[in-house]
Q: 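Supplied in structure tokens, the structure appears directly below.
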Amino acid sequence: MAVDKKTLKELFSRTLKIRLFEEKVWDLFGENIVPGTLHLYLGQEAVAAGVTTALKKSDWIQSSHRGHGHVVAKGADMNAALAELLGKKTGSCKGKGGSMHITQLDVGVLGATGVVASGLPIAVGAALSCQMRKTDEVVACFFGDGASNNGTFGESLNMSAIWKLPLVWIVENNFYAMGTPIKMTCPSSTVAQRAEAYCIPSKVVDGNNALEVYEATIEAVKRAREGGGPTLIECQTYRMKGHSRFDPAKYRPKEEADYWLSEEKDAVNVIQKIAIEQGAITEKDADKIRAKLQKDVDKAGEFAKKSEFPEPAEALDDVFAEAI
Amino acid sequence: MAEITYREALKQGLREEMLRDERVFLLGEDIGLNWGGAFKVSKGLAEEFGEDRVRDTPISENTIAGAAVGAAITGMVPVAEIMFGDLITLAMDQICNQAAKMRYMFGGQTSVPLVIRTVFGGGKNLASHHSQSLESWFMHTPGLKVAVPAFASDVKGLIKTAIRDPDPVLFAEHKLVYDKTEEVPDDEDYLIPFGQAKVRREGADVTLWGTFLMLHKALEVAEELQKEGISVEVIDPRTLVPLDTKTLIESVKKTGRLVLVTEETKTGATTAEVAAIVQEEAFDWLDAPIKRVNAPDTPVPFSPPLENFFIPDNKRIAQAVRDIV
């Protein structure tokens with residue numbers, strides 16, 4: 001598939017944007033101003049960048065337990081996203097959600113979740129709604145290899161298949177559910193194999209290569225929009241950090257980590273190399289894009305830090321549409 | 001006005017809302033063409049509205065509820081049916097962690113306008129997995145509204161309000177009231193606001209508050225006790241969230257005595273919460289301890305004599321009233 005230069009540039013830029021955003025989060029965490037825990041997207045940027053670049057603005061994504069990258073990739077306001085992670089009043093969830101519930105519905109993010117695998121049924125409903133409202137919208141649902149062992153995986157894949165829903169299932173297989181390696185929890189060598197039981201076409205791609213992810217998603221989205229039903233794409237990738245805030249991920253074998261965390265395998269390097277080789281950008285363009293994005297992220301960081309915390313009694317707001 | 005069953009009144013409400021708003025659709029197990037719902041509430045609706053809008057699902061309770069959540073936040077108004085209240089345990093994540101909390105944890109970015117219909121209660125010898133009364137769990141989950149209609153005239157107005165409400169509603173029914181009849185208004189805008197109790201019988205000596213089948217029993221008991229010269233006021237909350245405490249407190253201030261009766265197992269039941277509220281707000285008006293009549297803290301048994309022992313009967317309710325008069 002020939003991918004135009006504009007798209008290649010966008011894939012590079014979106015991958016890098018998520019990287020810089022998450023590095024900023026990591027820095028703020030270092031300053032000890034991020035309350036609670038964090039599930040960083042560092043390392044997996046190419047998945048969200050590739051998938052969302054293949055979607056329209058009016059399409060939806062369902063995020064997972066590791067959601068920052070999805071939200072940024074779908075076009076969220078970075079000020080509101082960072083402010084949310086710091087628990088500020090100006091956060092997209094007014095400081096009620098944080099890392100595990102980071103979301104911005106106005107750009108089509110249906111929500112991130114604290115309950116692994118709980119997003120899949122919600123994606124089924126959103127896709128059903130797209131179909132019943134007779135729109136051409138599609139839903140892409142992100143979830144991890146860990147979520148594929150939950151009951152909702154089977155229920156939701158099945159329902160999406162029988163109703164031919166406009167849905168793309170995106171498995172981000174980073175090979176670990178917290179600290180448990182996938183080979184301890186999954187008998188097959190890929191998660192994608194499981195889709196066959198539900199008559200869902202599937203594909204395994206290099207999740208550190210935004211172009212590969214994009215190409216697979218474009219095909220799946222086309223099928224979904226044309227009424228052909230769901231597709232499952234397994235994106236094999238790797239966390240740069242541990243599962244959460246204080247996890248040094250020492251349980252991962254050195255050889256494996258060295259391979260995935262090498263310069264050649266790095267998601268930003270991979271797409272930068274492709275974009276340059278295919279003439280979409282020059283080294284100089286890459287530097288310019290980086291400088292611009294860094295500036296945006298820094299500004300967002302300043303905005304988040306300067307923002308006020310909510311008033312304590314705001315804890316009582318937004319339980320119901322109207323207070324009862 | 002026509003005298004119809006609770007089942008028929010509920011179906012009328014669903015049908016009218018589906019005619020009024022094309023975003024409204026039903027989903028659940030065996031609710032469509034072949035069965036019409038395990039309790040026949042949706043019988044005929046698939047024929048009228050099509051299998052898209054009266055949608056049979058696989059046996060996947062958590063995904064039924066989750067699909068309702070996803071549809072609700074993207075522009076539809078789903079009414080999901082969980083065939084038996086006991087099976088709602090399988091859908092607790094989507095109902096209590098997602099539907100109930102979404103508006104809050106997303107800082108008010110979205111409403112979740114869905115209804116989860118289910119049915120509680122024993123009395124049909126269906127044993128421990130088809131007979132429980134679990135409404136207090138949902139009353140204990142901030143973000144959910146909880147409707148508990150016990151009468152035909154209420155179920156129609158309440159289901160219509162539930163469907164038009166922007167928040168998620170757990171709409172609980174009871175197996176043994178589907179066949180009870182009452183005069184029900186034909187008006188298509190017959191709505192019953194949430195949070196308004198109904199005084200089903202006025203009385204002066206004791207207030208009897210309860211839900212579902214126990215209210216029907218309470219009314220019979222009140223009739224009996226009248227012959228003994230005890231005047232009983234019977235109150236139906238109609239919704240547990242929001243809860244109309246005003247009507248109850250006013251009644252307690254008048255009678256000075258309160259008996260709470262539900263079919264739930266006793267510990268942590270809705271009756272415990274209501275008792276706590278009344279002692280906080282009307283302690284000085286109470287002339288006797290608040291009495292609770294509930295099922296014992298056991299699973300629901302199967303065999304008729306065991307189940308009959310488990311479910312509070314008229315005798316126990318009457319005795320509780322006599323005990324404090």
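So that the names make sense, note that chain A is the first sequence line, chain B the second, and so on, each numbered from 1. Below, all heavy atoms of this structure are taken into account, side chains as well, without hydrogens, waters or symmetry copies.
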Q: Not counting sequence neighbours, list each pair that qualifies as a side chain to side chain donor-acceptor pair (under 3.5 Å) and has a residue in residues 310-324 of chain A.
A: Lys89(A)-Glu314(A), Lys94(A)-Asp318(A)

Q: Give the intermediate values and the outcome of salt bridge (Lys or Arg N to Asp or Glu O under 4.0 Å) for residues Glu226(A) and Lys222(A).
A: CA-CA 6 Å; Glu226(A) 288 171 353; Lys222(A) 184 168 181 282; 3.4 Å; yes

Q: Would you mind checking which part of Glu61(B) comes under 4.5 Å of any heavy atom in chain A, side chain (CB onward), backbone (N, CA, C, O), both or neither?
A: backbone

Q: Could you tell me how the ring of His39(A) sits relative to the ring of His243(A): parallel (under 30°), tilted (30 to 60°) or perpendicular (over 60°)?
A: tilted

Q: Counting only non-hydrogen atoms closer than 4.5 Å, does Phe25(B) touch chain A with its backbone (N, CA, C, O), its side chain (CB onward), both, or neither?
A: side chain

Q: Would you confirm whether Thr135(A), through its side chain, and Glu137(A), through its main-chain N or O, come within 3.5 Å as a donor-acceptor pair?
A: yes

Q: Mind jotting down which residue pairs meet the salt bridge (charged side-chain N to carboxylate O under 4.0 Å, His left out) criterion with at least one end in residues 119-128 of chain A? Sequence neighbours excluded, please.
A: none

Q: Identify which part of Asn97(B) has an atom lying under 4.5 Å from any heavy atom of chain A, answering side chain, backbone, both or neither.
A: side chain

Q: Checking heavy atoms, do the side chain of Leu110(A), its backbone, both or neither come under 4.5 Å from chain B?
A: both

Q: Using non-hydrogen atoms and a 4.5 Å limit, figure out which bit of Ile162(A) sits close to chain B: side chain, backbone, both or neither.
A: side chain

Q: Relative to chain A, which segment of Lys101(B) carries a heavy atom at a distance below 4.5 Å: side chain, backbone, both, or neither?
A: neither

Q: Quick check on Leu144(B) against chain A: is it the side chain, the backbone, both or neither that has a heavy atom closer than 4.5 Å?
A: backbone

Q: Which residues in residues 45-57 of chain B have a heavy atom less than 4.5 Å from any heavy atom of chain A?
A: Asp52(B), Arg53(B), Arg55(B), Asp56(B), Thr57(B)

Q: Strictly less than 4.5 Å between heavy atoms, which residues of residues 27-35 of chain B line up against chain A? Please order them by number.
A: none

